[in-house]
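One structure is given below, encoded as structure tokens.
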Number of protein chains: 2
Amino acid sequence: MPSRTKPRAPQGYDASRYPSFAVTVDVVILTMIDGSLHVLLVQRHAEPYAGAWALPGGFKQPDETLDSAAARELAEETGVRSAGHLAQFGAYGDPGRDPRTNVVTVAYLAVVPDVGAIAAGSDAADARLWPVDDVRTGDVELAFDHDRIVADAFDRVARDLELSGLAPTFLAEMFTLTELQQVYEAVWDETLDTPNFRRSLTADPTQVFVEPTGERAASSPKGGRPPELFRAGPAWHTHGSPVRRTRRR
Amino acid sequence: MPSRTKPRAPQGYDASRYPSFAVTVDVVILTMIDGSLHVLLVQRHAEPYAGAWALPGGFKQPDETLDSAAARELAEETGVRSAGHLAQFGAYGDPGRDPRTNVVTVAYLAVVPDVGAIAAGSDAADARLWPVDDVRTGDVELAFDHDRIVADAFDRVARDLELSGLAPTFLAEMFTLTELQQVYEAVWDETLDTPNFRRSLTADPTQVFVEPTGERAASSPKGGRPPELFRAGPAWHTHGSPVRRTRRR
DNA sequence: GTAATAGTGTCTATTAGACATTATCCC
DNA sequence: GGGATAATGTCTAATAGACACTATTAC
């Protein structure tokens, strides 16, 4: 049975007596390149962690929301004004996570189609898209606690892909069903059965997840039947993902 | 195509030139009382929002993690040292959300069995458990942006109940299957078919979700067969919830 | 033709939903 | 016995998994 040893803090505090923190926003920007998942990182030049790679981010200003700070950072790095998906997934405030000062960072997940704007926005040689496999295996040295933040982002995107209509936001307005399948396979790191995958998109005739455009993409350089191009239907917003992750027992 | 208008902030900033914030931790403490879900709120006496109800919370100290700050707040309010479930679910930093100063708060969800310690810890008349239905309908006036935080917490607990092994943490060590079913029904706000619910707990004979204790609880004052008491099995940790939410089409 | 990629059809095992039935207590 | 709560059994519809098959391109 606890005794009440202190007054309840935020209900009646003296506004001049509390610890002060810097608040930053870091953005994990994900995109697909040729069927594999990539994350945008920027290389540090100054200490601490000079030479290591870090998430793009910056300070929250008092007159903006966390969401708009994240949108601002995303736009500065990629030129993308409105992300198909921009969601907060965690706050990180361990003591000493930034050796310079007390910083609490709020982390966001952004998913963008692979428009060339990312390379254009990051004009300097200090920003690049890394394959997530290289990051997952620890081949890329990350600054601060960004390894943990990135790992949490991968967890989050895998969950959201099953729950929300996230998948088409990785792709351009028109896409092939193979590209869509590759999104699921890359994020979940497992292979899907193609016939079953395609059936799940059209199983319920009242819900349109993909609508044919009538157009076809060029066939691959190695030959093969040229694929049809589709557009995302409205059902992604109302019903989330029609594709479910395999229930491993 | 954006132009680089500012230096990348957190990679090489002057530690003396950034906006300063207070960082707090707020905890949404949920428990079951007689088959219905309740949330712990404390009543404010000082301005702003005097008379309104608020989430228990307090300042993060520079030498503690966000998680330990949340655990500390939970212990102060309820006397519960180790919650069955204590998870961060959001950060809130809208300008003006606290009229006194710039405050970013990190919100946690805590799930505790209905031990009497909650009432004991909150010895004053300014803390009580509210039925979540009263809060959902807006019958309880909430301070700051706590209505939004609480709504997000309800969203989060409904999701986690399906994904993680959260359900038994609402209950005491021994519980009846009816009580377990009531957890799902209260959190999801829907009724479940009892035979199907019970089957899902025992469908896979290799996974133990509930193990019989051999004991039985007293039958209800209105009569009826006295229910058997069960203990939570290890499968909750390895396989998450065996009960899935109805796929509404 | 062969290699390569795209796309369809069909069978079966598993799971989810509905609902009828039996069991054990209090009065 | 009657009312109340607990627990079990069974039928059916929907879904998930496996896999054989056809279609259209480059060479």
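None of these values were measured; they are calculated from a predicted model. Letters A, B, ... mirror the listed sequences (proteins, then strands); counts begin at 1.
In this structure, the nucleotide among dG17(C), dT25(D), dC26(C) sitting nearest to the side chain of Ser219(B) is dC26(C). Comparing dT8(D), dT8(C), dG17(C) against the side chain of Asn196(B) picks out dG17(C) as the nearest.
Base contact: Pro195(B) has a heavy atom under 4.0 Å from a base atom. Backbone-only engagement by Thr178(A) is indicated by non-hydrogen atom pairs under 4.0 Å involving sugar-phosphate atoms exclusively. Pro226(A) comes within 4.0 angstrom of sugar-phosphate atoms only, judged by non-hydrogen atoms across all strands, and of no base.
Spacing between atom CG of Leu180(A) and atom P of dA6(C) amounts to 13 Å, rounded to whole angstrom units. Between Arg245(A) atom CZ and dG17(D) atom P the separation is 13 Å, expressed in whole Å. Atoms CG (Leu177(B)) and C1' (dT5(D)) sit 13 Å apart, rounded to a whole Å. Rounding to whole angstrom units, CZ of residue Arg198(B) and P of dT15(C) are separated by 21 Å. Between the CG atom of Leu192(B) and the C1' atom of dC19(C) there is a distance of 16 Å, rounded to whole Å. Counting to the nearest Å, the P atom of dT8(C) and the CD atom of Gln181(A) are 13 Å from each other. To the nearest angstrom, P of dT5(C) lies 15 Å from CZ of Arg225(A). We find that CZ of Arg244(B) is positioned 16 Å from P of dT15(D), with the value rounded to whole Å.
One finds the CG atom of Leu55(B) at 11.0 Å from the CD atom of Glu73(B) (value rounded to the nearest 0.5 Å).
Looking at which nucleotide of DNA chain D each of Pro221(A) and Ser200(A) is closest to, the 5′-most match is held by Ser200(A). Both Arg199(A) and Ser220(A) lie near DNA chain C, and the one whose nearest nucleotide falls closer to the 5' end is Ser220(A). Projected onto DNA chain C by closest heavy-atom contact, Asp193(A) and Gly223(A) fall at different nucleotides, the more 5' of which corresponds to Gly223(A).
The closest side-chain heavy-atom distance from Thr176(A) to Glu228(A) is not below 4.5 Å.
In this model, the phosphate group of dC27(D) is not approached by any side-chain N or O of Lys222(A) to a distance below 4.0 Å at OP1 or OP2.
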Report the C-alpha distance between Tyr184(B) and Phe197(B) in whole Å, list the side-chain angles of each, state the deciding distance to 0.1 Å, and finish with yes or no for ring pair (Phe, Tyr, Trp, His ring centres under 6.0 Å).
CA-CA 10 Å; Tyr184(B) 284 94; Phe197(B) 173 79; 5.8 Å; yes
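Within a 6.0 Å sphere centred on CD of Glu211(B), heavy atoms belonging to other residues, nucleotides or ligands number more than 12. The number of heavy-atom neighbours closer than 6.0 Å to CG of Asp34(B), taken from other residues, nucleotides and ligands shown, is 12 or below.
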